[in-house]
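Below is one structure, written out as C-alpha cells; the observations come after it.
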Amino acid sequence: MSDGSSFYITTPIFYVNDVPHIGHAYTEVAADVLARWHRQSGEDAWLLTGTDEHGQKILRTATANGVTPKEWADRLVETAWKPLLATVDIRNDDFIRTTDVRHEVNAQKFLQHLYDAGHIYTGEYEGFYCVGCEEYKQPSDLIEGVGEYVGQQVCAIHSIPCELLHEKNYFFRMSTFGDQLLALYEENPNFVQPESARNEVISFVKQGLSDLSISRSSFDWGIKVPWDDSHVVYVWFDALLNYITAAGYGHDDEKFSRLWPATHVVGKDILRFHAVIWPAMLLAAGIEVPRQVFGHGWLLVGGEKMSKSKLTGIAPSQITDTFGSDAFRYYFMRAISFGQDGSFSWEDLSARYQSELANGFGNLASRVIAMVVRYCDGEIPVVGEFSDADELIRGTEKRVTDAATLAIGHLAIHEAIAAIWELVDDLNGYITAQEPWALAKDPANRARLEAVLATAMRGLGTLAVLLSPVVPQATAKLWTALGGSGLVSDQRIDRAWEWTGGPRVSPLEALFPRIEATVG
Ligand SMILES: [Zn+2]
C-alpha cells in the first residue's frame, strides 16, 4: 500500500501541559538533523511534530485556570511549544494538534474500522490509574511513597498516589497480537532500535499482552468514541494516531502512500507505547507498521533524569540565549551517543563550544578566508597540481562523507559528527604543517601557496555541506563567505566532497564568537 518513497520522521507530540525543557528540545533536534540530512540526500524528507491536547489532566488544569481545555491548549501551543521549535531552529514540515479536525475525524475513522472488524469489545476494568501518566499502572509499576504519601503506593515516575478506578470501558484486543509482534521483531531486527530497547520490548511482549482499555467515560475532554458518544478515546490511543492522521490517513490517500511508513524517534520511557501498542493497532487495522521505532536515552543533569515532575528542568532558551541554537544542536548531538543516556553539564557545553566550535571549526574558517583575502585578494585560486598532502585532505573529505552517510543510515548522529570532525582536525593539522603564511613570503612559492589555500577552501566547502543539518546558521554564513552558489542546505550531502569552490570569498564574521559571561 505504500510506495516507501519518502523519509518520514516523527517526534513524539508534546503533552501541552508540560513545561518545555532541554529533553523535549533534544528529541526535536535529533529528528530535525535526520530530516535535514535526508533532505540534503535528495530524498522526499518530511518531519512531523505537534501537540497532544486531550485527557483528564489537561481538563483539570484548564478548569483550575478558568478557561476551556481548548483555550488552555491554544495558549500553550502559541506561548510554549511553537516558540520551542524556533528556539532550536527546527524545520518541521507539519505541526499537528490532536484537537485538529483532520486528526479527530480520521482517528474516529480508524476506531470505527477496528470496531467493525471485531478488534474492540465492551468490558469492565478496575485498576490503579496515574493521572500524571494518563495510564493504568500494574502493581509492579508502583513504589512506596515518601513524605506526605508515606504508607501509600505511588507512581514511580510522578511520585503521587494512583487513583483506583472502576470503569465500563471499550477494550482493544491487544492480547491477540503478541505472536505477530514477536514475529515482527524477529524478522525485522531494525524495527526497534537500539538493541537495548529492542531486547526490553521483546521480553515485555514475551510475558504476554493484556487487552487495552481504550475509552473513558468519567470525563469528556477527548475524541468521542464514534459508536458511543458517552465515551472518549483513551489519550494515548488518540495521540499515537497523529502519526497517520497527519500523513493523510483517511483523507489523502496519495499523501499517505507517499509518506507512510514513518521512522519514530521517541524517548525510551514511551517506547512500549510506540513499539508494542502502536504496531498492534496498525496490524489490527491492516496498515503497514512503522519503518522503525528508535528509543533515545535520557538526559541526566547532576546524575538525575530530566523530567517534567522534577525541578531539574532547564529551559532550552537558557542555553541558546548565551550560546546560540547551533551550539545547542551541536552539543547534544555530539556529546551524547544517540540511543544512550547522556549527562548535560554547563562546563562540558562551555568547553566543547570553545574548543570544538570556536577554535576547531570557526577559527579554521576565519583563518583560511582571511588568508585568501590577504594573499589572493579574495580570489579563490584555481590550481592544476596538488601535492600528496593536498590529496590526503581530498581523501579525508571523501572518507568522512561516506562514513557520516553510513552512520546517519543507522541514526548514529554522534558517529556522523565525529567522522566529520576528522576533517576539521586534519585541516587544522594541514594548515599548521603547510604554513601558508611562510609560503607567502617568497614569490617563488606562489604555486604552492595557491594549492594550499585552494585545498583548504575546498575542505571548508565540504564541511559547510556536511555540517549544515547540525549547525544550519553557521554553515549558511560560511557558505556565503566561501562564494558557494545557492543555499548550503540545498547541496547534496552524499557528494559533499565534490564541491570545488566558488570564485571569490567574502568577509566572514566569527562563526562562534567568544563568550565572556560565566554561565550556569
Ligand atoms: Zn505517573
Side-chain angles (χ1 to χ4, degrees), residues 11-24 26-27 51-64 69 72-73 76 80-81 98 125-167 169 174 197 200-201 204 207 209-219 221-222 232-240 266-278 295-301 304-313 341:
T11 70
I13 48 177
F14 304 118
Y15 195 63
V16 281
N17 260 13
D18 285 351
V19 175
H21 60 56
I22 57 176
H24 300 109
Y26 173 63
T27 315
T51 41
D52 177 9
E53 307 183 5
H54 290 131
Q56 191 168 13
K57 193 165 65 167
I58 288 163
L59 177 62
R60 283 182 186 175
T61 48
T63 307
W72 179 244
L76 291 169
W81 298 108
T98 55
Y125 194 87
E126 185 176 87
F128 290 100
Y129 192 82
C130 173
V131 176
C133 294
E134 297 281 11
E135 182 182 31
Y136 275 106
K137 294 289 177 180
Q138 299 304 311
S140 60
D141 294 329
L142 304 177
I143 58 169
E144 273 300 318
V146 292
E148 62 181 307
Y149 303 125
V150 81
Q152 298 182 59
Q153 295 286 310
V154 300
C155 168
I157 295 167
H158 291 91
S159 311
I160 52 168
C162 294
E163 297 172 25
L164 182 64
L165 293 186
H166 183 96
E167 288 186 291
N169 280 334
M174 193 163 70
E200 188 209 304
V201 164
F204 174 73
Q207 292 165 25
L209 295 175
S210 314
D211 288 344
L212 181 71
S213 165
I214 59 155
S215 73
R216 298 282 180 271
S217 56
S218 54
F219 61 94
W221 178 237
V232 293
V233 179
Y234 170 47
V235 68
W236 262 106
F237 205 87
D238 161 356
L240 287 164
V266 303
K268 65 180 179 183
D269 49 335
I270 52 173
L271 188 67
R272 283 182 199 172
F273 291 100
H274 288 82
V276 180
I277 296 177
W278 179 225
H296 68 69
W298 283 337
L299 294 186
L300 309 172
V301 177
E304 268 199 90
K305 185 200 163 200
M306 288 264 319
S307 80
K308 46 195 163 194
S309 58
K310 304 231 163 71
L311 296 173
T312 49
D341 291 350

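When a ligand or atom number is given, it counts from 1 through the structure's own listing order. All of these numbers come straight from a predicted model, not from anything done at the bench.
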Margin query: To 10 degrees, how wide is the angle SG (Cys130) to the Zn ion (ligand 1) to SG (Cys155)?
Written below: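 Once rounded, the angle between the two atoms at the Zn ion (ligand 1) is 110°.
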
Check: What orientation do Phe14 and Trp81 show, parallel under 30°, tilted 30 to 60°, or perpendicular over 60°?
Finding: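 Geometry flag for Trp81 against Phe14: parallel rings.
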
Next item on the list: Mind checking the CZ-CD1 spacing from Phe237 to Ile214? Nearest 0.5 Å is all I need.
Entry: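 Answer rounded to 0.5 Å: 4.5 Å.
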
Next item on the list: Would you check if the Zn ion (ligand 1) lies under 2.8 Å from any N, O or S atom of Cys162?
Entry: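 So Cys162 does not count as coordinating the Zn ion (ligand 1).
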
Check: Who pairs with Tyr136 by side chain to side chain contact (heavy atoms under 4.5 Å, CB included), at least two apart in sequence or on another chain?
Finding: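 Scan of Tyr136 (side chain to side chain contact (heavy atoms under 4.5 Å, CB included), adjacent residues dropped) gives Tyr125, Tyr129, Leu165, Glu167, Asn169, Ser213, Arg216.
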
Check: Which residue pairs satisfy the salt bridge (Lys or Arg N to Asp or Glu O under 4.0 Å) criterion with at least one member in residues 144-165, sequence neighbours excluded?
Finding: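 Counting only pairs at least two positions apart or across chains, the salt bridge (Lys or Arg N to Asp or Glu O under 4.0 Å) contacts touching residues 144-165 are Arg60-Glu163.
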
Checklist line | Name of the His158 atom (N/O/S only) found closest to the Zn ion (ligand 1) | finding: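 Per the distance ranking, His158 contributes ND1 as its closest N/O/S atom to the Zn ion (ligand 1).
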
